[in-house]
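Have a look at the structure below, then the notes.
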Amino acid sequence: MIGIIDYGMGNLFSVSKAMERLGVEYFVSEDRKELAGADALILPGVGSFKDAMEHLNETGLSEMVKQYAGSGKPMLGICLGMQLLFAQSEENGLTDGLALLPGKVIRFSGEKAGTPYKVPHMGWNRLRFINKSPIISGISEDFVYFVHSYYVSTEERKVVIADCEYDVDVPAVVGKGNVYGMQFHPEKSGGLGMSLLQNFIQLAKERTIQS
Amino acid sequence: MLTKRIIPCLDVKEGRVVKGIQFVELRDAGDPVELARFYDQQGADELVFLDISASHEGRKTMVEVVNEVASELAIPFTVGGGINSLADMKRMLRAGADKVALNTAAVLRPSLITEGASFFGAQCMVVAIDAKFDPELGSWRVYTHGGRKATDYEVIAWAKEAVRLGAGEILLTSMDCDGEKDGFDLALTRAVSEAVTVPVIASGGAGNAAHFVAAFRDGLADAALAASIFHYKETSVEEVKTFLKSEGVNVR
């Protein structure tokens, strides 16, 4: 069973519907115990980093998520959910994140060499694969749907599995061990998005069989 | 590189798509989900559903439509029309819409944009602006209530204000060009696109594929929306995109 974390921050529905389209069993919950028992966890989210972390901290879900990551079971953060996996964000003042991945979340400056560019980064952009990972296995580079004003900046290039070209290079698929993140919305990214989610679910299945 | 988006717009009344849909091959040309799927297959990047229901029941039905579209399709879509409160936004977004478009309500109560943006994030707040050139003003004037009421707002000023308040995108409709099929209002689109930092969707006036090229190249639009030329099959999303590619415009 895939657990989808409900902490009051949006896109639960579209992620749930994607699970249904894939024919995968899932549940949506805010209950720490219940979520800890899932074969894999998805941390969705749209909205502000600060609000999201406050919710996660107040409900004790941050602790649960960190423990879960330590358990070795696969975990996936989507959009804001991915950003939360990193150490810190500058959105509405510096806020500490879950620190499961190295790097920080910063705002698009909206200007490059004196020329303004649009923020949010909104629309379909092409993935470029950088590092090998089971999450992109069997998938070729194609377009996915992004909507975000903040992006991840990391010194550790190993965690960036795929990026895309905007006015800066935007980490799009990240991962370290069993913890993955996608900056775009796989659940809104047509066939490619569904294949990525399928790969994530496959990781959970393989692990369940192993254990 | 980020691609330019092509967005078909569907008018929905009491749960049914209305206003000239000529798709003979569809089982039911008025079914929003079937039409959404059709446009998705053609390569539409996003969809906009405008709820033009007059009744309370019609609005409730719209939530079901949104729910069903989100269940079946893996592309983003915006819902507009009759969204007047945070509760309305919540209903649509929870039902699976990715963005909500505010028009009249935003002009009447601009703080609504901020409320929505702080609750759901700016990325799902689209402010729709109906613009008409006003010779006395020497610029475009904002209209509300489906274009029936003139406001005191000048379009560029209002667009900037909307973004300052939290709009993540501007859906800009030229009332002068709408329905004429002579092309988008390039001067208007360019003026707004240069004035704001968020993406701008050009709307009103699309008559052929070349008009889209102009909207992106000269109008500096980030996305372009059309209804009747797609509904009446004067062209298709696929054809428009093929043409855009041949003209060197980056599309998916």
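As the structure is a prediction and not an experimental result, all values here were calculated from the model. Reckoned from all heavy atoms, side chains included, excluding hydrogens, waters and symmetry mates. Chain naming here is simple, since letters A, B, ... match the order of the sequence lines and numbering starts at 1 in each.
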Quiz item: Among B:P199, B:G121, B:G96, B:A122, which residue forms the greatest number of heavy-atom pairs with chain A at distances under 4.5 Å?
Solution: B:P199
Quiz item: Is it the side chain or the backbone of B:A95 that comes within 4.5 Å of chain A heavy atoms, both, or neither?
Solution: backbone
Quiz item: Looking at B:A74, B:G168, B:A223, which makes the most heavy-atom pairs under 4.5 Å with chain A?
Solution: B:A74
Quiz item: At a heavy-atom separation under 4.5 Å, does A:P120 approach chain B through its side chain, its backbone, both, or neither?
Solution: both
Pairs of donor and acceptor atoms, chain B with chain A, under 3.5 Å:
{"from": "B:M1", "atom 1": "N", "to": "A:N125", "atom 2": "OD1", "distance (Å)": "3.1"}
{"from": "B:T3", "atom 1": "N", "to": "A:W124", "atom 2": "O", "distance (Å)": "3.0"}
{"from": "B:T3", "atom 1": "OG1", "to": "A:W124", "atom 2": "O", "distance (Å)": "2.7"}
{"from": "B:D45", "atom 1": "O", "to": "A:W124", "atom 2": "NE1", "distance (Å)": "2.8"}
{"from": "B:E46", "atom 1": "OE1", "to": "A:Y145", "atom 2": "OH", "distance (Å)": "3.3"}
{"from": "B:A70", "atom 1": "O", "to": "A:R21", "atom 2": "NH1", "distance (Å)": "3.0"}
{"from": "B:S71", "atom 1": "O", "to": "A:R21", "atom 2": "NH1", "distance (Å)": "3.2"}
{"from": "B:S71", "atom 1": "OG", "to": "A:K17", "atom 2": "NZ", "distance (Å)": "3.4"}
{"from": "B:L73", "atom 1": "O", "to": "A:R21", "atom 2": "NH1", "distance (Å)": "3.4"}
{"from": "B:A74", "atom 1": "O", "to": "A:S189", "atom 2": "N", "distance (Å)": "3.3"}
{"from": "B:A74", "atom 1": "O", "to": "A:G190", "atom 2": "N", "distance (Å)": "2.8"}
{"from": "B:D98", "atom 1": "OD2", "to": "A:K188", "atom 2": "NZ", "distance (Å)": "3.1"}
{"from": "B:K99", "atom 1": "NZ", "to": "A:Y145", "atom 2": "OH", "distance (Å)": "3.2"}
{"from": "B:S193", "atom 1": "OG", "to": "A:K118", "atom 2": "NZ", "distance (Å)": "2.9"}
{"from": "B:T197", "atom 1": "O", "to": "A:V119", "atom 2": "N", "distance (Å)": "3.0"}
{"from": "B:V198", "atom 1": "O", "to": "A:K118", "atom 2": "NZ", "distance (Å)": "3.3"}
{"from": "B:D222", "atom 1": "OD2", "to": "A:K118", "atom 2": "NZ", "distance (Å)": "2.8"}

Quiz prompt | Contacting moiety of B:V251, where chain A heavy atoms sit under 4.5 Å | solution = backbone
Quiz item: Can you name the salt bridge (charged side-chain N to carboxylate O under 4.0 Å, His left out) partners of B:E239, sequence neighbours left out?
Solution: none
